[in-house]
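First the structure, in the form of C-alpha cells, and then the observations on it.
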Amino acid sequence: MDSTLVPRSVLLFVVAALFEIGGAWLVWQGLREHRGWLWVGFGVIALGLYGVVATLQPDANFGRILAAYGGVFVAGSIAWGMVADGYRPDRWDVVGALICLGGMAVIMYGPRGEA
C-alpha cells in the first residue's frame, strides 16, 4: 500500500469503529437498558454507516479489510467501554488489544508481493 494512503486508511478505521461500536452500543442501550426503539433505530443507522465507511478503504479486498478491522474493533470496544460505561480494563485486556492492533497493522500494511 502506498504510504501516503496509510493515514487515510487509519482514519477510516477509526470512523468505522465509531459507527459500528457506537451503533451496537445504541442497540444494546435500547434493548438491554430499556431506552426504547428510537435508540435501536439510531443504532441500526450507525451500523449501516459503518458498512459504507468500510467500502471507502483504499484496499479493494473485502476479506482483508474486515480481518484488519477486527483488531480495530477489539481495541475500540475496550476504549468505548471505558468512556461510555466506566469499564476498567486489566493488563490482559490491554495486552490483548495491542496484539490485535499489531495483527491489524500486519494484515493491512505489511509489504505485499515479497516472499
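Values below: all heavy atoms of this structure, side chains included; hydrogens, waters and symmetry mates excluded. Since the structure is predicted, the reported quantities are computational estimates derived from the model, not experimental observations.
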Might you confirm whether atom [atom1] of [X] has over 12 heavy atoms from other residues, nucleotides or ligands at distances under 6.0 Å?
X	atom1	value
Trp39	CH2	yes
Arg32	CZ	no
Phe62	CZ	no

Which pair of non-hydrogen atoms, one from [X] and one from [Y], has the smallest distance, and what is that distance?
X	Y	value
Ile21	Gly76	CD1-C, 3.4 Å
Val44	Val27	N-CG2, 4.2 Å
Pro58	Leu5	CB-CD1, 3.9 Å
Leu26	Gly43	CB-CA, 3.7 Å
Pro7	Thr4	CD-O, 3.5 Å
Ala24	Leu47	N-CD2, 4.0 Å

Nearest 0.5 angstrom please: [X] [atom1] to [Y] [atom2], how far?
X	Y	atom1	atom2	value
Leu66	Ile107	CG	CD1	11.0 Å
Met104	Ser9	CE	OG	7.0 Å
Asp59	Ile65	CG	CD1	4.5 Å
Gln29	Leu38	CD	CG	13.0 Å
Leu101	Phe73	CG	CZ	13.0 Å

If we ignore hydrogens and angles and just use 3.5 Å, is the side chain of Asp90 paired with the main-chain N or O of Asp93 as donor and acceptor?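 Confirmed, Asp90 side chain pairs with Asp93 backbone.
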
Is there a path of hydrophobic side-chain contacts, each under 4.5 Å between heavy atoms of I, L, V, M, F, W or Y residues, that connects [X] with [Y]?
X	Y	value
Trp80	Met82	no
Leu18	Leu49	yes
Val6	Leu56	yes
Leu98	Val72	no
Phe19	Val10	yes

Going through the checks in order, is the ring pair (Phe, Tyr, Trp, His ring centres under 6.0 Å) test met by Tyr69 and Tyr50? CA-CA 11 Å; Tyr69 175 70; Tyr50 150 73; 5.1 Å; yes

Set out, in order, the CA-CA distance, both residues' side-chain angles and the distance that settles side chain to side chain contact (heavy atoms under 4.5 Å, CB included) for Leu31 and Val40, then state yes or no. CA-CA 7 Å; Leu31 297 176; Val40 173; 3.8 Å; yes

For residues Gln57 and Met108, determine if any side-chain heavy atom of one lies less than 4.5 Å from a side-chain heavy atom of the other.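 SC-SC contact between Gln57 and Met108 confirmed.
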
